[in-house]
Participant: 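Quick one: structure below, then a few questions.
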Amino acid sequence: MQETEKIRVRFAPSPTGDPHVGVIRQALWTWLYAKKMDGQFILRIEDTDQTRYVEGAVERIQNSLKWLGIKWDEGPDIGGPYGPYFQSQRKHLYKDAAERLIEDGFAYRCFATPDELREMREKQQAAKLPPRYDGRYRNYPKIDAQKRAAAGESCVIRFAMPQEGSTSFSDLLRGEITFENKELDDFVILKSDGFPTYHLAHVVDDTAMKISHVTRGEEWIPSTPRHVQLFNALGYKIPTWVHAPVILGPDGGKLSKRHGAKFVLEYAEEGYLSDALFNFLAITGWALDDHTEIFSRKRLTEVFDLKDLSKNPSGFDQTKLEWMNGLYLREMEEDDLVSIFVQRLEHDLPAEIPRPINWALVKELTPLVRERIKLLSELSSLVGFFFTSDIPTPATEEFLTKKWKDRSGDASEALKFTANDLEPLIDWNAEDIQQTMRNTAEKLETRAGDFFSLTRIAVTGTRVSPPLFESMEIIGQELCINRIRRASNSLRNTTDS
RNA sequence: GGCCCCAUCGUCUAACGGUUAGGACGCGAGGUUUUCAACCUCGAAAUCGGAGUUCGAUUCUCCGUGGGGUCACCA
C-alpha cells in the first residue's frame with residue numbers, strides 16, 4: 001500500500017561547489033517533509049561528472065547543511081543500509097542497468113563522436129531546426145555495435161525514446177504534465193567514460209534507495225518524461241514527483257553571485273543566525289496561513305507540507321531576511337545570545353585586544369546592543385570601545401557638529417565640567433550618572449541632548465553608540481573620566497575657524 | 001525559436017466561487033526618546049489583458065501578454 005509506505009526523501013547535490021540558498025532551500029523543505037512524516041532524509045552525492053568535481057565541495061555541502069541544523073539519516077559520511085552514497089562508487093549498478101536496457105531493446109550504443117554531434121547540431125540550427133540527436137545509431141546492427149565496443153571503440157549508450165505518442169506524469173504541485181514523445185530525442189544514459197548521466201543514475205539510485213518522493217527544482221520538468229520512460233523500461237515503480245519553484249536573483253534572472261552573499265556559509269560568516277536563515281528560507285515559497293511567519297524548526301516539522309509549496313518562483317528578499325535576523329537576535333534567550341556574541345567577538349575584535357574575551361563584560365553589554373544590530377557582523381564595531389582601555393580620541397570635527405559648531409572652547413569647557421561633576425560620584429550607576437549629567441547640563445544652560453552627544457563621543461569614540469549611561473556604568477568611573485578629560489583637552493587645543 | 005512551467009501590493013505571500021482582497025518586509029507620517037535602534041499608531045500600495053462558464057469570478061475554461069525553465073557524453 002502506497003499510503004503505508006515509509007517516506008524516504010533525498011537531497012542529491014553534485015559536488016561542483018558551494019550550495020547556494022536556492023539549493024539549500026530545496027534540501028530544507030525536503031528535510032522538513034521527512035521529519036514531518038517521520039521518514040528518512042538521505043544525502044547522496046551525485047559525482048558522476050569528474051570534470052566538474054570541485055575539491056572540498058562535499059565538505060562544504062555537509063557543513064552548510066549542518067550549520068542549518070539539517071541532519072541526514074543516511075549519507076556519505078555515516079553510511080546507511082542503501083549505500084554507498086557516492087554515485088562514483090556505484091558505477092557497476094548503472095552499467096548493469098544500461099546493459100539490461102540494451103538487452104531489452106530500450107537502449108543502444110552510439111559511436112558518434114562529440115565533433116560529429118556538434119557538427120550535426122550546427123547544421124540543424126543553420127536550418128532553423130531544434131538541435132537534437134538524430135538517431136543515427138538507433139538502427140545500427142546490434143552485433144556490429146557489440147563488436148566495435150568489444151574492440152575498445154569509444155561509445156555512449158543512448159535510450160531509445162518512443163517516437164510516437166506522449167508521456168505523462170503527475171506532479172504533486174502541478175498536477176498532470178504531458179509531453180509529446182517526438183519532442184524528445186535519444187538521450188545519453190551512459191557516457192563513454194563509463195559514468196552514467198544524471199538521468200540514468202538518479203533513476204537507478206532513487207529506486208535502489210527506495211526514495212518515495214523525488215523533490216527537485218522545476219528546471220527538471222522538461223526531462224521528467226525521459227525519467228518516466230526510464231523507470232518504466234527498467235520495470236521500476238514511479239515515485240512521487242515534486243518540482244519545487246526556484247529562487248530568482250534580484251535581477252529577475254537566476255540567482256547570481258554578483259549580488260551579495262549567495263552561499264549558505266557566507267551568510268554564516270556575515271552574521272546571520274542559523275535559526276533565522278532557516279525560518280526565512282522555509283517561508284519563502286511556502287506559507288502556513290495568512291499571518292504566521294515566525295516558526296521554530298520544530299514547529300515547521302509539524303506544519304510543513306510539500307503540497308503547500310508555492311508554484312511560482314520567488315525572489316530573494318534580502319531586506320526581509322535582515323529584519324528577521326534582527327528579530328531573532330532580539331527574541332533569543334539571553335544566555336544563548338551571550339555565547340554567540342562572545343564567539344563572534346573572539347573572531348571579529350582587533351588582534352590587540354587580549355583574548356579570551358571577557359565573558360562577564362559581554363553579558364553586561366548584551367542587553368544594550370541586541371536590539372541595535374541586525375547582523376552579528378555589526379557587533380564588534382558597535383562595542384569595541386568596551387574592550388580597550390585606550391580608545392583613540394576622536395577628531396575635533398566629530399565633536400563640533402550641530403550645536404557645537406565652531407564652539408570648540410565651549411565644548412571643551414562642558415566636558416571639563418562633566419568630568420569634574422562625575423568625579424565625586426560615589427555610586428557609579430547609570431541612573432546617578434544621568435542625574436549628575438543632567439545637573440551639569442542645567443548648570444551650563446545647555447540642552448541635555450546636545451550635551452550628551454558630546455559626552456557620548458568622548459566616551460565611546462562614536463556619534464552612534466549603545467545607551468550612554470549604561471555604557472558608562474560598564475566602562476567604569478575612572479576610565480570614563482579619563483576619556484572625557486582627554487577629549488576636553490584635545491578640544492581646548494583647537495582654534496575655532 | 002520548439003516544448004514546458006508560472007502569473008495577487010515594489011518583494012514574500014493569504015483568501016471552500018460570495019471578504020471593505022488579509023498579513024509580513026520595505027516605504028511614508030506621527031508618537032516615544034540621551035544618539036542609533038527597538039517599540040506603538042496611522043497611511044499609501046496588488047488580483048497582467050481579453051473573452052467565456054456562473055446569480056456571482058483572484059479562484060474554473062480558452063486566447064493573448066509577460067516572466068522563467070529547458071533543448072549536452074552538466075547536474
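Lettering of chains follows the sequences in order, A, B, ..., and the numbering in each one begins at 1.
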Participant: Looking at every strand, decide which applies to A:Ala112 at a 4.0 Å heavy-atom threshold: base, sugar-phosphate, or nothing.
Facilitator: base
Participant: Base, sugar-phosphate, or nothing for A:Pro196, non-hydrogen atoms under 4.0 angstrom?
Facilitator: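 Sugar-phosphate, backbone atoms only, no base.
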Participant: So A:Thr460, base contact, sugar-phosphate only, or nothing? Heavy-atom distance under 4.0 Å.
Facilitator: nothing
Participant: Name the nucleic acid region contacted by A:Ser192, choosing base, sugar-phosphate or nothing; use a 4.0 angstrom heavy-atom cut-off, strictly under.
Facilitator: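 Base contact.
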Participant: In residues 157-172 of chain A, what donor-acceptor pairs under 3.5 Å come from side-chain atoms, sequence neighbours left out?
Facilitator:
| from | atom 1 | to | atom 2 | distance (Å) |
| --- | --- | --- | --- | --- |
| A:Arg158 | NH1 | A:Asp186 | O | 2.7 |
| A:Thr167 | OG1 | A:Asn181 | OD1 | 2.5 |
| A:Thr167 | OG1 | A:Gln229 | NE2 | 2.8 |
| A:Ser168 | OG | A:Thr178 | OG1 | 2.8 |
| A:Asp171 | OD1 | A:His243 | N | 2.8 |
| A:Asp171 | OD1 | A:His243 | ND1 | 2.8 |
| A:Asp171 | OD2 | A:Leu173 | N | 2.8 |
| A:Asp171 | OD2 | A:Arg174 | N | 2.9 |

Participant: I need a per-nucleotide contact map over nucleotides 4-15 of chain B, read 5' to 3'. Cutoff is protein heavy atoms under 4.0 Å; write B for the base, S for backbone only, - otherwise.
Facilitator: SSSSS--BBSS-
Participant: Near RNA chain B, counting only heavy atoms under 4.0 Å, which residues of residues 118-133 of chain A show up?
Facilitator: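 Per residue number, the list reads A:Arg121, A:Pro131.
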Participant: Look at the side chain of A:His291 and decide which nucleotide, out of B:C73, B:G26, B:G23, has an atom nearest to it.
Facilitator: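 My answer, after comparing the listed nucleotides, is B:G23.
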Participant: Please encode protein proximity along nucleotides 30-47 of chain B as a string of B, S and -, counting only heavy-atom distances under 4.0 Å.
Facilitator: ----BBBBSS--------
Participant: Mind checking ring pair (Phe, Tyr, Trp, His ring centres under 6.0 Å) for A:Trp72 and listing every partner two or more places apart, or none if nothing turns up?
Facilitator: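 Partners of A:Trp72 by the ring pair (Phe, Tyr, Trp, His ring centres under 6.0 Å) criterion come out as none, since no residue qualifies.
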Participant: Once the angle between the rings of A:Phe304 and A:Trp29 is folded into 0 to 90°, is it parallel (under 30°), tilted (30 to 60°) or perpendicular (over 60°)?
Facilitator: parallel
Participant: Inspect the contact between A:Glu442 and A:Arg438 and indicate whether a charged nitrogen and a carboxylate oxygen are less than 4.0 angstrom apart.
Facilitator: no
Participant: Suppose we define a pair by two distances each less than 3.5 Å, Watson-Crick or G-U wobble; what does B:U65 pair with here?
Facilitator: B:A7
Participant: Could you tell me which residues satisfy ring pair (Phe, Tyr, Trp, His ring centres under 6.0 Å) with A:Tyr94, sequence neighbours excluded, listed by chain and number?
Facilitator: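 Per chain and number, A:Tyr94 pairs via ring pair (Phe, Tyr, Trp, His ring centres under 6.0 Å) with no residue.
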Participant: Tell me which nucleotide, if any, is Watson-Crick or G-U wobble paired with B:A29 when both distances must be under 3.5 Å.
Facilitator: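 Checking every strand shown, B:A29 finds its partner in B:U41, with both distances under 3.5 Å.
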Participant: Determine which nucleotide pairs with B:A15, using a 3.5 Å limit on both distances of a Watson-Crick or G-U wobble pair.
Facilitator: none
Participant: Would A:Arg60 count as a cation-pi partner of A:Phe263, with NZ or CZ less than 6.0 Å from the six-membered ring centre and within 45° of the ring normal?
Facilitator: no
Participant: Categorize A:Val188 for me: base, sugar-phosphate, or nothing, with a 4.0 angstrom heavy-atom threshold over every strand shown.
Facilitator: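 Since only primed, P, OP1 and OP2 atoms lie under 4.0 Å of A:Val188, the category is sugar-phosphate.
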Participant: Sort out the partner of B:A72 for me: Watson-Crick or G-U wobble, both distances under 3.5 Å, none otherwise.
Facilitator: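 Matched B:A72 with nothing under the 3.5 Å cut-off.
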Participant: Any side-chain heavy atom of A:Leu376 sitting closer than 4.5 Å to one from A:Phe341?
Facilitator: yes
